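The structure under discussion appears below in the form of structure tokens.
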Protein chains: 2
Amino acid sequence: MTERSTAQRRAAKGATMADVARLAGVALKTVSRVVNDEPNVRDEVRARVHAAIAEAGYRPNAAARALVTSRTRTLGVVTMSTTFRGPSAILAGVEAAARDAGYGIALTRTPTGSPEAIAAAMDALVDRGVDGIVILEPAQSTATIGHETPGTPVVVFEDRPGDSADWIRVGADDVGACREAVAHLLALGHGTVHHVAGPAGWRTSDARAEGWRTALEAAGRAVPAPVTGDWSAASGFEAGMALAARPDLTAVLCANDDMAIGLIHALEGRGLTVPGDVSVVGMDGSEVSAYLHTPLTTLAQDFEAIAREGVARLLDAVEGREPESRRVSVPVRLVVRASTDAPRIVAGEPA
Amino acid sequence: MTERSTAQRRAAKGATMADVARLAGVALKTVSRVVNDEPNVRDEVRARVHAAIAEAGYRPNAAARALVTSRTRTLGVVTMSTTFRGPSAILAGVEAAARDAGYGIALTRTPTGSPEAIAAAMDALVDRGVDGIVILEPAQSTATIGHETPGTPVVVFEDRPGDSADWIRVGADDVGACREAVAHLLALGHGTVHHVAGPAGWRTSDARAEGWRTALEAAGRAVPAPVTGDWSAASGFEAGMALAARPDLTAVLCANDDMAIGLIHALEGRGLTVPGDVSVVGMDGSEVSAYLHTPLTTLAQDFEAIAREGVARLLDAVEGREPESRRVSVPVRLVVRASTDAPRIVAGEPA
DNA sequence: GCCCGGATTGACAGCGCTGTCAACTGGAGG
DNA sequence: CCTCCAGTTGACAGCGCTGTCAATCCGGGC
């Protein structure tokens, strides 16, 4: 069995550059020049080599090239999850941007999201020879990762300043977005806004909570204790059960759409209506949010733009150009739908 | 700039096996033996080499190893999307299974999903030297891809027989699952079941439609014309608008949960209630489906099991073992929730 | 004490490609 | 007619590692 498969492999292993050179009657190096589109080859020779390449069915050997150039034209991606909307949307954008630039993607997940797991994943990618590393939606603020990969540039999709000065940072303006959502709700007449946060320690959780809190403080409103979820609809449901009892509950900002869906389900189960009794804002702009029983007001992020921006900066660094900027913030758009409305009774003020 | 970055790279490039050999006072080959855990090295020597490895901070060079072994310990993944639930869940499982076996993942997306794009992606992965290829949720039935990669085994996540005899096939039992869903609805008393299918040409669309149709036929029921969507909630909404007018509409099976959500929204917009007027079954077991206004009856797939099974078979082939089986079907589980109920009036029979 | 076989170790030749540098070409300029 | 130079081409030496095969070591059997 093993022998047969080895034989197959050997047979399948096609022509080498030397074969092409022989066929075209030129030197190895000339074939190399043609393959890599280098100048200083006569058109006639170039054509002859191309013909020989076609005839031999030659395909360059990536490992050999990587060995001598010590570049793999591969970007490593570290992500905790591929199922949540944010990471998967950014991953898609990263892959597209990389492919357009002739780079491949090496994917590693770190289900625990711990700093150690992330560091180990980064090391594994470096060992595989990636030219650059993309850190997607890390649970941990990058400040706590603190892992260096000398010689391999890193881009992290977060908007907040961190410790590793070398890292490129690109992120949605979570703080600004949540401020805008709170402003929207206050403008509708709500006395304050409750918050269902993402899990503690996630940078996005922190940023979103910060935007929510500072907006309330700036408006001089009470800041209710936030409830913490884990991004799942189930945790949003539990949060809803907990919040339903609060007397001043008229508006809730959830750190993602899934939790908002769970929350609404819980509120309705307790006899509260949305937006009649409680206004709800989600976050992430998931596609289904527009088609729910009560279409959800949400904060839509342009994940595609974030991804392209990040990959462009990373490739600048990989290819020895100084990145235009090491810190990019992409705006978030508030999409108002049916889940937010004026409160039935304007708290603390005469109607 | 370029010079500096080159210098950095060179400096970052650590010790080689030769450095370690010198440090430990042994031959190159002995270091190689230790690094690869080969037998026939005295414990004392092994320890000395390990010490030298640690001292030098040596890390094996993957490209050099790949060049000489012509194996990269990398699996290529071809997927159309990373945002839909099915592919992203399987991708996660594939990555985990590969990592457990010491393999990395090279990811390529084919947004168009055309046979040409899939074939090109497969070739690109082969050029990058992957040891095996995973085709995730291809839009095209694999029968129409018909692309050979001699020497590189392929696993495709589909349950139906196809043309490429060499390919390993692992998939959910879509046909059986849809039959079960139809049986559930008929048992509740519905006269027939309408169907919102996925886009034409997708193997999952076809399989799900086939299960639905054959179940109706077997029961001697009318088979209404199916409506075609594109997996999105928006297309489900449109399907709902189209179906709402049908007089015999009491039950709908949607080929995924997102379309079911859109469909329900449209029906409710037309004044129909779920499940009062119409029962709806989704498919995929998305997490939010349990937390909708009307929790959705759905067909839950064990994506993790599918992924593990597929990777295990693929690695058998990659490593020269004969796979236990080249064709595996994983059952789907019907999860009954509030969106299905007996019809208000049992069609064609006295109440 | 000597021979034998298995265990251990090492020398060496590549894997397929690119970077360096020398060698060659042909036409412009003197 | 010879020199010079830009434009072309090729010979050669590795990149860092593993496979092959020969050399050496050791203890047991005679």
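All values reported here derive from a predicted model rather than from experimental measurement. Residue numbers start from 1 in every chain, and the chains themselves are labelled A, B, ... in the order their sequence lines are given, proteins ahead of strands.
For the side-chain contact (heavy atoms from CB on, under 4.5 Å) with A:V77, the qualifying choice from A:I135, A:L136, A:T82 is A:L136, the only one to do so. Each of B:V155, B:V170, B:I168 was compared with B:V328 under the side-chain contact (heavy atoms from CB on, under 4.5 Å) criterion, and only B:V170 meets it.
B:E38 has its CD atom 8 Å from the P atom of D:dT18, to the nearest Å. If you take CZ of B:R46 and P of C:dT8, they are 9 Å apart, rounded to a whole angstrom. One atom, CD of A:E44, and another, P of C:dT25, lie 16 Å apart when rounded to the nearest Å. In this structure, CG of A:L28 is placed 14 Å from P of D:dA13, rounded to the nearest angstrom. B:D43 places its CG atom 9 Å from the P atom of C:dT8, with the value rounded to the nearest Å. Between the OH atom of B:Y58 and the C1' atom of D:dG16 there is a distance of 7 Å, given to the nearest Å. Between B:K29 atom NZ and D:dA23 atom P there is a gap of 18 Å when expressed in whole angstrom units. The distance between atom CZ of A:R65 and atom P of D:dG16, rounded to the nearest whole Å, is 18 Å.
Rounding to the nearest 0.5 Å gives a distance of 8.5 Å between CZ of B:R109 and OG1 of B:T79. A distance of 9.5 Å separates CG of A:N61 from OG1 of A:T16, quoted to the nearest 0.5 Å.
Within the nucleic acid shown, A:P39 has no heavy atom closer than 4.0 Å to any nucleic acid atom. Nucleic acid contact for A:V26: sugar-phosphate only, since backbone atoms but no base atoms lie under 4.0 Å from a heavy atom of the residue. Residue B:V45 is in sugar-phosphate contact alone, with no base atom involved, counting any heavy-atom pair closer than 4.0 Å across all strands shown.
Here the closest non-hydrogen pair linking A:T72 and A:A66 is CG2-CB, 3.9 Å.
Direction change of the helix axis from one end of the helix from C:dG1-D:dC30 to C:dG30-D:dC1 to the other is 60°, with five pairs defining each end axis (rounded to 10°).
Which of D:dC17, C:dG10, C:dC17 sits closest to the side chain of B:N61 comes down to D:dC17. Of the candidates C:dG16, D:dT18, C:dT9, C:dT9 carries the atom nearest the B:T30 side chain, counting heavy atoms from C-beta on. Ranking D:dG16, C:dC17, C:dG10 by closeness to the B:A27 side chain, first place goes to C:dG10. You'll find that the side chain of A:N40 is closest to D:dT9, out of C:dT18, D:dC15, D:dT9. Residue B:R42 has its side chain nearest to C:dT9 when only D:dG10, D:dG16, C:dT9 are considered.
Applying the 4.0 Å criterion to OP1 and OP2 of C:dT18, one finds that A:S32 has a side-chain N or O inside that range.
A donor-acceptor pair is defined here as one N or O able to donate and one able to accept, closer than 3.5 Å; no such pair exists between the side chain of B:R99 and the backbone of A:T108.
Sequence order on DNA chain D of the closest nucleotides to A:V41 and B:V31 puts A:V41 first from the 5' end. Heavy-atom distances to DNA chain C give each of A:R33 and A:A18 a nearest nucleotide, and the one nearer the 5′ end belongs to A:A18.
Looking at B:L75 and B:V130, their side chains never come closer than 4.5 Å, going by heavy atoms from C-beta outward.
In this structure, a donor-acceptor pair under 3.5 Å is present between the side chains of A:R128 and B:T74.
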